[in-house]
Each structure stands twice: as structure tokens, then as C-alpha cells.
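From a predicted model like this one, the values you see are computed outputs, not experimental measurements. Here, residue 1 is the first one in the sequence, and each next residue gets the next number.
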Amino acid sequence: QVQLVESGGGLVQAGGSLRLSCAASGRALSRLVMAWFRQAPGKEREFVAAVNSIGVSTYADSVKGRFTISRDMVKNTVYLQMNNLKPEDTAVYYCAAKMTGLQLTISSSAYDYWGQGTQVTVSS
């Protein structure tokens, strides 16, 4: 029912910034919990940030103060603004959605729909 299309990844030097976009179709963001996860080669997929159906957000400790998740309700798009990037942020970033509206779940298994992923590479 829900399709997620990601964009905005790329190569950036440490200390730089990127903004990832995730355009959702099939369901309004007001009826979804949206999240960003990332996965580095050989590592488990890990939680980055999430925003629920009423706009409450949460972040992994590793990105607090550097990353911001936001929504454009008209465009039905969620963003991840990434500032002060570090080499350890290098990963494929995935947006995800689940149908429940309030729980800020950090477990990837709770999410129903996933984007295709976009590569973020941070050089030192």
C-alpha cells in the first residue's frame, strides 16, 4: 500500500552536511510513523531517527544534536537533515514506515514498508 522513494545520498567530507528525502505514496504521513535506519557493510541495520503521526520525534544517541528528522505534510515527504557528518555515519540509509501512529519504535522489525536505500559516504 505504501511506497517509499529515497534520494539525497552522496559523498561528503567529515563535518559536512546532507539532506535525505523520502517521498511516501499510498498513505498520508499523518497516518504513519516514519523512521530512518542505516546499515554499514557487515553490520546490523540500526535505528537513526523516527517521527510519529503527530510529529513527535526521537533519535539514536549517536546522532542527537547532529541529525534532524522532519516532515512536509503537503509533499508527503520526510527528511533527514544530517549535519556535522562523521566517517562512522557512512552507511546505506533507509526510510521506513509503519501503520501505527504513536509508537516511536526503534526496532526495524516493527516497520512495514521500506525505501530502496540511499548511500551516504563520509570521508575523513
Side-chain angles (χ1 to χ4, degrees):
Q1 183 180 354
V2 176
Q3 291 184 326
L4 306 173
V5 179
E6 299 174 62
S7 62
L11 175 65
V12 64
Q13 294 186 21
S17 298
L18 285 172
R19 189 181 73 161
L20 307 183
S21 299
C22 178
S25 61
R27 193 176 182 93
L29 295 183
S30 60
R31 299 172 63 202
L32 294 169
V33 177
M34 301 294 297
W36 290 95
F37 290 80
R38 65 188 183 187
Q39 188 166 23
K43 295 187 177 181
E44 298 288 329
R45 188 167 298 186
E46 66 174 350
F47 172 79
V48 176
V51 59
N52 72 5
S53 60
I54 59 172
V56 179
S57 60
T58 192
Y59 299 89
D61 288 343
S62 59
V63 306
K64 285 181 180 177
R66 300 188 299 122
F67 291 10
T68 303
I69 189 169
S70 62
R71 305 181 300 172
D72 185 323
M73 307 304 288
V74 175
K75 295 182 178 179
N76 217 49
T77 297
V78 64
Y79 302 95
L80 185 68
Q81 179 66 46
M82 304 185 294
N83 298 325
N84 301 315
L85 283 161
K86 303 174 180 180
E88 50 263 45
D89 295 319
T90 295
V92 177
Y93 283 70
Y94 298 90
C95 63
K98 68 184 185 78
M99 296 298 187
T100 53
L102 296 179
Q103 300 94 334
L104 287 169
T105 304
I106 66 171
S107 174
S108 61
S109 64
Y111 289 83
D112 303 302
Y113 302 98
W114 292 84
Q116 80 281 4
T118 186
Q119 177 70 48
V120 172
T121 302
V122 183
S123 63
S124 59

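Residues Met73 and Ser30 meet the side-chain proximity criterion, which asks for heavy atoms closer than 4.5 Å. Looking at Thr118 and Val92, their side chains never come closer than 4.5 Å, going by heavy atoms from C-beta outward. Proximity of Val48 to Tyr59: side-chain heavy atoms (C-beta onward) are nowhere separated by under 4.5 Å. Taking 4.5 Å as the limit, some side-chain heavy atom of Leu104 sits within range of a side-chain heavy atom of Val56.
For Thr121, the side-chain hydrogen bond (donor to acceptor under 3.5 Å, both in side chains) partners are Gln119, not counting sequence neighbours. Residues passing the side-chain hydrogen bond (donor to acceptor under 3.5 Å, both in side chains) test with Gln81, sequence neighbours excluded: Asn83.
The distance from atom OG of Ser53 to atom CG of Leu102, rounded to the nearest 0.5 Å, is 5.0 Å. Atom SG of residue Cys22 and atom CD of residue Gln116 lie 8.0 Å apart, to the nearest 0.5 angstrom. A distance of 5.5 Å separates OH of Tyr111 from NZ of Lys98, quoted to the nearest 0.5 Å.
Among all heavy-atom pairs drawn from Thr90 and Ala40, the shortest one is O-CB, 3.7 Å. Counting all heavy atoms, side chain and backbone alike, Leu4 lies closest to Tyr113 at CD1-O, 3.6 Å.
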Q) Passes side chain to side chain donor-acceptor pair (under 3.5 Å), Ser107 versus Thr105? Steps please. A) CA-CA 6 Å; Ser107 174; Thr105 304; over 6 Å; no

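Taking a 6.0 Å sphere around CD1 of Ile106, one finds it holds 12 or fewer heavy atoms contributed by other residues, nucleotides or ligands. Open room surrounds CD on Gln3; 12 or fewer heavy atoms of other groups in view lie less than 6.0 Å from it. The neighbour count for Gln13 CD, taken as heavy atoms of other residues, nucleotides or ligands under 6.0 Å away, does not exceed 12.
Pairs engaging residues 43-56 under the salt bridge (Lys or Arg N to Asp or Glu O under 4.0 Å) rule: Arg38-Glu46 [sequence neighbours left out].
Between Trp114 and Tyr94, the angle of the ring planes goes over 60°, which puts this pair in the perpendicular group of the 30/60° scheme.
Using a cutoff of 4.0 Å between basic side-chain nitrogens and carboxylate oxygens, Asp61 and Lys64 are scored as salt-bridged.
Ring centers of Phe37 and Phe47: under 6.0 Å apart, within the cut-off.
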